[in-house]
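A quick note: this is a predicted structure, and the numbers were derived from the prediction, not measured. By convention in this document, chain letters (A, B, ...) are assigned in the order of the sequence lines, proteins followed by strands, and residues within each chain are numbered from 1.
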Amino acid sequence: MKKYLHTLFTHAIATLQTKGDIPQDIAVNIHLERTRDTQHGDFACNVAMVLAKSAHKRPHDLATSIVEQLPNEDDFIAKIEIAGPGFINIFLKPNTFYAVINEILTAKDTYGQSQIGAEQSVMIEFVSANPTGPLHVGHGRGAALGAVLANLLIVAGYKVYKEYYVNDAGRQMDILATSVWLRYLELCGEILTFPVNGYKGDYVWDIAASLHREQDDALQHSATTVFENIPPDADEQGGNEDIHIDALIERCQQLLGEKSFQHLFQKGLETIREDIRHDLEQFGVVYDEWFSESSLSTNHRVNKVVEQLKAGGHTYKQNGALWFCSSVFGDEKDRVLIRENGQFTYFASDIAYHVNKLERGFDHLIDIWGADHHGYITRVKAAITALGAEENRLTVLSVQFATLYRGQEKLQMSTRSGEFVTLRELREEVGRDAARFFYLQHKSEQHLNFDLELAKSRSIDNPVYYIQYAHARINSVFRQLHDKNQTWHHDKTILTQLNTDHEQTLLITLSRYPEIIEMAAQAYEVHQLTYYLRKLAQDFHTFYDVHKILVEDNGLRNARLSLIAAVQQVLRNGLTIIGVSTPEVM
RNA sequence: GCCCUGAUAGCUCAGCAGGAUAGAGCAUCCCCCUCCUAAGGGGAAGGCCAGAGGUUCGAAUCCUCUUCAGGGCGCCA
């Protein structure tokens, strides 16, 4: 409908431009919007006021000329009015709204699908948490957003590929491997002081225990040997946690040898990665690919990208390190690619990763990052620009971390200390539907506070139930219908009986669904859909409370059944996108 | 210090390619089950849209400054 009106306006303005009433050389951006007040019709257009200045006319006069170029009345339009300073208000015929029921009942699951994506391919990379421990509630938000954005974009006509970038290289993983080994030694009976910087979560014990079952005491070394001449830890006098742990990593590698260390390393990595994968699956999040960071260096891709940057003249050497002139591309300062010790930085492999994604031919890349990686955006964009790719092929969405409260107490989360609420705990206590909906309720850049006590103990108050309840209620009506041995015939000629305000409101809300999908997809804003579904459920509950559906009158009953069937279909389509179940009974 | 985010009802948040009277949900206070699920509905109350300037016919929305809050500013990942 909106599209139809848009065409009419475009024509009208073009005609006025050829007539010379509006200058030819100005860009015309026609913006139609739903009115808030039914007194203003169904759609309003402010184009007359916007163009008034450049056309050197009074808004009201211009509006009059535009309206003259529009059909006064047609199959859809009942009347057009000029109001206020120059709004053009369009009143639609009731039939226009009844048509939406047919449309929904015919299209079923495909109602709301759009072609704005035009089959373009999009790769969404999200979560990508280091495999050094289980996912916590902070990761849940990115997981929910990524998975649902993917669904939304598919509905909007994009081809979507979902990927998890596994940081399976680097010091953090070495620390994990070493932590596992130390726990293993404790299981072998060694008495030692666990490093401040080691991973202390229970899952480390689990991996160590599994290692112990598998290897028995084969990897055991005495604590005295292990800690001999190791620099002091942070909690000792003159100690430093980083120097301490690095020395321990090196000792671990020495004592175990390359092969055993790798075995230990892989065991830790795989256990945790599979745990993450399983956890996400339970949360309804599935990936097309788990991309390994280390595969980049194995295939010399990092090296290649750095060479390309060098060849392009974007690098220089300073203090023994190789720098990338990212400041030339808008970054606040230059960044190191190869450290003085000859190792690539994380940044270097991240460039290689993004180049690799681009090479795989995706039209568009979306990265969903936590707010703590915000400063990273400019430098990655700088790098891909330097390598000749268009900067806007990459979109980075920042997700603010949720600040957790337990009652009044603010929780500090740290993977290393092992003190955090896991995504699994949240899911088990709050439930998958509620947890997902909770994450998606708000704009992702918005800080999110939530009290775990509240979310867990009063989960019944979660708005997701309100929406699901609408779905279940509709099911219930159809069950009653069946129990009464009555049947439902959808007949589009009787829909005119849906003439109350409540029914009209519902029809309007239903017809907005495709617009919401397009808007949400274009803005990458999933929360628009959750707000919409809430509004639809609300309109339904209001209607349901006032009007009986299973009335004696056959025509009215059938019309109302068609209406609620359409409502249920849209609820189902929307809930499916956000990955929330559609219960038949509650 | 510099750079991002944000600041809207008591609380949690929508609204922000400028539009007509700023909206929801919780919480508070009234009212509604002889009737398809009350996990529901109706109503009341609640606001100087952080503050100050500016642009405009018109600003919660755009620009500048100030204040406050969160985050980022490593040859960490």
>> What is the separation between atom CZ on A:Phe438 and atom C1' on B:G25, rounded to the nearest whole Å?
In response: 12 Å

> Want to settle it: does A:Val50 or A:Lys548 sit nearer the 5' end of RNA chain B, counting the closest nucleotide to each?
Replying inline: A:Val50

> Whole Å only: how far is the NE2 atom of A:His31 from the P atom of B:C16?
Replying inline: 9 Å

> Under 4.0 Å between a Lys/Arg side-chain N and an Asp/Glu carboxylate O for A:Asp242 and A:Arg171?
Replying inline: yes

> In whole angstrom, what separates A:Tyr376's OH from B:C76's P?
Replying inline: 11 Å

>> Assess whether a salt bridge exists between A:Lys357 and A:Asp367, defined as any Lys/Arg side-chain N lying under 4.0 Å from an Asp/Glu carboxylate O.
In response: yes

> Do the charged groups of A:Asp350 and A:Arg379 touch, with an N to O distance under 4.0 Å?
Replying inline: no

> With both distances under 3.5 angstrom, what nucleotide forms a Watson-Crick or G-U wobble pair with B:A22?
Replying inline: none

>> Could you tell me how far apart A:His442 (NE2) and B:G25 (P) are, to the nearest whole angstrom?
In response: 14 Å

> Can you tell me the Watson-Crick or wobble partner of B:G1, both distances under 3.5 angstrom?
Replying inline: B:C73

> A:Glu332 has an atom CD; how far is it from atom P of B:G71, in whole Å?
Replying inline: 18 Å

>> Rounded to whole Å, how long is the line connecting atom NE2 of A:His541 with atom C1' of B:A39?
In response: 8 Å

> For B:G53, which nucleotide is its Watson-Crick or G-U wobble mate, given both distances must be under 3.5 Å?
Replying inline: B:C63

>> I need the CD1-P distance between A:Ile88 and B:G19, as an integer number of Å.
In response: 17 Å

>> What is the separation between atom CG on A:Asp331 and atom P on B:C3, rounded to the nearest whole Å?
In response: 14 Å

> Which base, if any, makes a Watson-Crick or G-U wobble pair with B:G6, both distances under 3.5 Å?
Replying inline: B:C68

